[in-house]
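Below is one structure, written out as structure tokens; comments come after it.
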Amino acid sequence: MPGTSVLQQTKFFSLPVDPPQSPELSLRLKEQECLSILKRCKNMEEFRQAHAQIVKWGFFWNSFCASNLLAACALSDGGSMDYACSIFQQIDEPGTFEFNTMIRAHVKDMTFEEALVFYYEMLEKGVEPDNFTYPALFKACAWLQAQEEGKQIHGHAFKLGLESDLYVQNSLINMYSKCGEIEHSCAIFEQMDEKSVASWSAIIAAHASFGKWDECLMMFGNMSSEGCWRPEESTLVTVLSACTYLGALDLGKCAHGSLLRNISELNVIVQTSLIDMYVKCGCLQKGLSLFRKMGKRNQMSYTVMISGLAMHGHGEEALRIYSEMLKDSLDPDDVVYVCVLSACSHAGLVDEGFRCFDRMKSEHGITPTVQHYGCMVELMGKAGMINEALEFVKSMPIKPNDVVWRSLLSACRVHCNLEIGEIAAKHLFQSRLQNAGDYVILSNMYARAQRWQEVAKIRVEMAREGLHQVPGFSLVEVGRRIHKFVSQDTSHPQCVSVYEMIHQMEWQLKFEGYSPDSSQVLLDVDEEEKRQRLKGHSQKLAIAFALIHTSQGSPIRLARNLRMCNDCHTYTKLISLIYEREITVRDRNRFHHFKDGTCSCRDYW
DNA sequence: ATAGGGTTAG
């Protein structure tokens, strides 16, 4: 058929042949035809042809067709923003729909400032925004973290009476949390009459991004009790990460069960967060078996497994997974290497550590960051290579940070190297990030060397700097609830029975030859007071609580914010023996599995 | 008539 366009030749783009009865109906049908043509456009070539066709039909100046051309081109993946802009320019009097389209398209393109420009242009031209306008704008403000602007636009939406719209509210929750104002998010959430899954997801994610893990799990519980129980993978991933941080294994298992019941095939992200949850809640084997069963793994899955094995002290196995990763032709990145190096340091694999460090640079072209150097210092320090570690720090091409100096200082404490310990401490004391723990370590080292004058000097200095030790806490899960105990706790509702239990435990411990080790209590108090302080360490309180409230023989799992003191370590070993319990403690650094009076770290941590 | 919200892992 010569003279007809490609479009007309294809059945795909043909117009209805039969003339309809009334002119109005005919117009409608043609408009519908335009719509369906636009819906099928996959790339710019097709959009151009469709555009030409619409013009040819004389429909371009019919605002419905032109607007839909604009929308389809601006919002579909095959379209182009520039082309959409040129269409927008050709529309005589753009109305709400056209402006909304431009705003949404810019948000989709992540050109958020542009989206806002269109909004202000809209206001200037006297075009009234509607409930479709604001969610896109709030998303733009969320990305830009434009708190003030977001608030102002929120004010406009409120004046127009659009604040009761569910979609507007959901996007507001997100915007305020991304701008750091979670209180506003909560206020909006609480005032909502109707809440959708998206509302719950938004508020749960908001709490997670602020590290409010308790609240995160509480909201999740409320979600189902308020009847909103359509499990979504993304929401459950957030919930799983809360479980991971809190060591809430039972709750994590519930989430796992709900995933298995409701989702036919778990995606990589969910599987990875499940592995991370199990491993960081102490169930290394469960994590490993899930990892083995995974169909497709990505870089993150490997990272989670390697870091988990490292935390549990299984260095060789971690290195095996690392070589599996290479065989899987995945390129390890800097984070993978942090995990690999820390696996080596936890397991005392010095040579392998150095080999990996070289390989990282030469084979994978990764420039070591301060974290990698920190791992190497930790590796050497743990192995007692204190002088080498110091030389290494001195030769670093970047400025060592406090973490690096702190690893060196801890190594000096373990290996009783006061001379280098003083060097490390000097750097730490000069750092802007002052830490009471560093003073404590140095002072303990002086105490061990019986240099009491220096001990006193450090104490005075510490007081002068106004430093306080970060309060230690331990988390323990009993009856699907997380109980938090802080050091010297008097606030937990069951404190009385816990302290009674502590008293009883000490009796039995004494029979096993336990004597308190108060060397790490840095307080200007007498020996008896020090012993009292030791008794109140959060780990002991949490263990006592778990002994009372769990059945005989069941394992006890704790997560804590700081590293363990020597006394708690010895104490817990004996408790595992006396009460015949397996006790797993997640430290700041790694796991300790106490069983039959011994610990998996073999007393070196 | 056309359109919209939230969201994951180290």
Nearest-Å distance, [atom1] ([X]) to [atom2] ([N])?
{"X": "A:Leu29", "N": "B:dA1", "atom1": "CG", "atom2": "P", "value": "15 Å"}
{"X": "A:His207", "N": "B:dT7", "atom1": "NE2", "atom2": "C1'", "value": "16 Å"}
{"X": "A:Ile37", "N": "B:dT2", "atom1": "CD1", "atom2": "P", "value": "18 Å"}
{"X": "A:Leu70", "N": "B:dA3", "atom1": "CG", "atom2": "P", "value": "14 Å"}
{"X": "A:Ile173", "N": "B:dT7", "atom1": "CD1", "atom2": "C1'", "value": "13 Å"}
{"X": "A:Leu274", "N": "B:dG10", "atom1": "CG", "atom2": "P", "value": "13 Å"}
{"X": "A:Trp143", "N": "B:dG6", "atom1": "CH2", "atom2": "C1'", "value": "13 Å"}
{"X": "A:Arg28", "N": "B:dT2", "atom1": "CZ", "atom2": "C1'", "value": "12 Å"}

*With A:Tyr119, which residues qualify under ring pair (Phe, Tyr, Trp, His ring centres under 6.0 Å), at least two apart?*
A:Tyr134, A:His156
Quick check on contacts: within [range], what sits under 4.0 Å from DNA chain B by heavy-atom distance?
{"range": "residues 186-197 of chain A", "value": "A:Ser196"}
{"range": "residues 304-318 of chain A", "value": "A:Val304"}
{"range": "residues 94-110 of chain A", "value": "A:Phe97, A:Asn100, A:Arg104"}
{"range": "residues 120-141 of chain A", "value": "A:Asp130, A:Asn131, A:Phe132, A:Pro135, A:Lys139"}

Contacts of type salt bridge (Lys or Arg N to Asp or Glu O under 4.0 Å), residue [X], not counting sequence neighbours:
{"X": "A:Arg292", "value": "A:Glu324"}
{"X": "A:Glu128", "value": "none"}
{"X": "A:Arg355", "value": "none"}

*asked:* Salt bridge or not between A:Glu31 and A:Arg28? Use side-chain N to carboxylate O under 4.0 Å.
replied: yes
Show every salt bridge (charged side-chain N to carboxylate O under 4.0 Å, His left out) that has at least one partner inside [range], sequence neighbours left out.
{"range": "residues 312-323 of chain A", "answer": "A:Glu317-A:Arg320"}
{"range": "residues 268-290 of chain A", "answer": "A:Asp276-A:Lys280"}
{"range": "residues 90-109 of chain A", "answer": "A:Asp77-A:Lys108"}

So, for [X] and [Y], is the gap between ring centers shorter than 6.0 Å?
{"X": "A:Trp200", "Y": "A:Phe220", "answer": "no"}
{"X": "A:Phe138", "Y": "A:Tyr167", "answer": "no"}
{"X": "A:Phe357", "Y": "A:Tyr337", "answer": "no"}

Looking across every strand, which nucleic acid part, if any, lies under 4.0 Å from [X] by heavy atom: base, sugar-phosphate, or nothing?
{"X": "A:Ala205", "value": "sugar-phosphate"}
{"X": "A:Asn68", "value": "base"}
{"X": "A:Val336", "value": "base"}
{"X": "A:Lys178", "value": "sugar-phosphate"}
{"X": "A:Glu233", "value": "base"}

*For the side chain of A:Thr303 and the base of B:dG10, is some donor closer than 3.5 Å to an acceptor across the two?*
yes
*Side-chain-base donor-acceptor pair under 3.5 Å for A:Asn170 and B:dG4*: no
*asked:* Can you tell me if A:Phe210 has over 12 outside heavy atoms packed within less than 6.0 Å of its CZ?
replied: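 Yes, because the 6.0 Å sphere around CZ of A:Phe210 holds more than 12 heavy atoms from other groups.
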Per [X] side chain, nearest of listed nucleotides [options]:
{"X": "A:Asn298", "options": "B:dG6, B:dG5, B:dA9", "result": "B:dA9"}
{"X": "A:Tyr167", "options": "B:dA1, B:dG6, B:dG4", "result": "B:dG4"}
{"X": "A:Met300", "options": "B:dG10, B:dG6, B:dA1", "result": "B:dG10"}
{"X": "A:Phe64", "options": "B:dA9, B:dT2, B:dT7", "result": "B:dT2"}

*asked:* For A:His346 and A:Glu378, which I'm curious about, is there any donor-acceptor pair between the side chains at under 3.5 Å?
replied: no
*Hey, does the side chain of A:Asn174 come within less than 4.0 Å of B:dT7's phosphate (OP1/OP2), counting only N and O?*
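It does, given that an N or O in the side chain of A:Asn174 lies less than 4.0 Å from OP1 or OP2 of B:dT7.
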*From A:Ser36 OG over to A:Asn68 CG, what is the distance, rounded to the nearest 0.5 angstrom?*
11.5 Å
*Pairing residues for A:Gln90 by the side-chain hydrogen bond (donor to acceptor under 3.5 Å, both in side chains) criterion, not counting sequence neighbours*: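 Expected list: none.
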